[in-house]
Amino acid sequence: IEAINRTTDFEKLSKSVAKLRSLQNIHLHLDLIAGLPYEDYRSFEKSFNDVYSLKPEKLQLGFLKLLKGSSLRAEKELHGFKFIDRAPYEVLENRYMLYSDMLRIKDIEELVEVYGNEKDFEKTVSYMIENIYHSPFRFYEELSEYWRENGHYQSPHSKVAQYKLLKEFAEK
């Protein structure tokens, strides 16, 4: 956070989010950015779990962009950024996070959209996280591996198919 000239007091943020949730009249979206300086795959996991625990209606995973003229783009060699040199200038890897890890997070992002941000699966996903995986990130990571191994990322799925795939994963 310091490397991008921002400050975050997570305890204060958590209290603010809890207060907003208690009002029950605000739809909360929280964002998490992958590819930031000094954050590797496992520290991203911690950030993911921390933000997930705040129970926003939508958890949006984004990927760092190196916009022209930004201070991070000026420091691209320092952090070893490899990025697409045309809009949207998305970071593919850096000194801290391998390209393969960024791809894993992209897969996880898709499953968070399908299973985490859609309330249709809320009870099943919560049960699996709390009773089997004990970590939201580990749940999505293993679900992602299951999808990848079985070729499920290659085609769109109806809601019924999504239920079926989650059931098959749970049985596995």
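Quick caveat, the model's predicted, so the values are computed rather than measured.
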- Message: To the nearest 0.5 Å, what is the distance between NE2 on His79 and CG on Leu36?
- Response: 10.0 Å
- Just say parallel, tilted or perpendicular for the rings of Tyr52 and Phe48, cut-offs at 30° and 60°. parallel
- Whether Glu93 side chain and Leu98 backbone form a donor-acceptor pair below 3.5 Å: no
- Between Arg104 and Asp101, does at least one N-O distance fall below 4.0 Å, as a salt bridge requires? yes
- Message: Between Asp120 and Tyr115, is there a side-chain heavy-atom distance shorter than 4.5 Å?
- Response: no
- Query: Under a 4.0 Å N-O cut-off, is there an ion pair linking Glu168 with Lys172?
  - Reply: no
- Tyr153, OH: over 12 other non-hydrogen atoms inside 6.0 angstrom: yes
- Note on the structure: Which of Trp147, Tyr146, Phe121 passes ring pair (Phe, Tyr, Trp, His ring centres under 6.0 Å) with Phe169? Answer is Tyr146
- Task: Answer yes when Glu11 and Lys15 have at least one side-chain N-carboxylate O distance shorter than 4.0 Å, and no when they do not.
- Result: yes
- Query: Looking only at heavy atoms, which two atoms of Ser14 and Leu54 are closest? And how far apart?
  - Reply: OG-CD2, 3.4 Å
- State, with a plain yes or no, whether a side-chain heavy atom of His27 is found less than 4.5 Å away from one of Lys58. yes
- Query: Taking Lys82 for the side chain and Gly80 for the main chain, is one N or O donor matched with an acceptor at less than 3.5 Å?
  - Reply: no
- Item | For the student: nearest non-hydrogen atoms of Ile26 and Glu57, plus distance | O-OE1, 3.9 Å
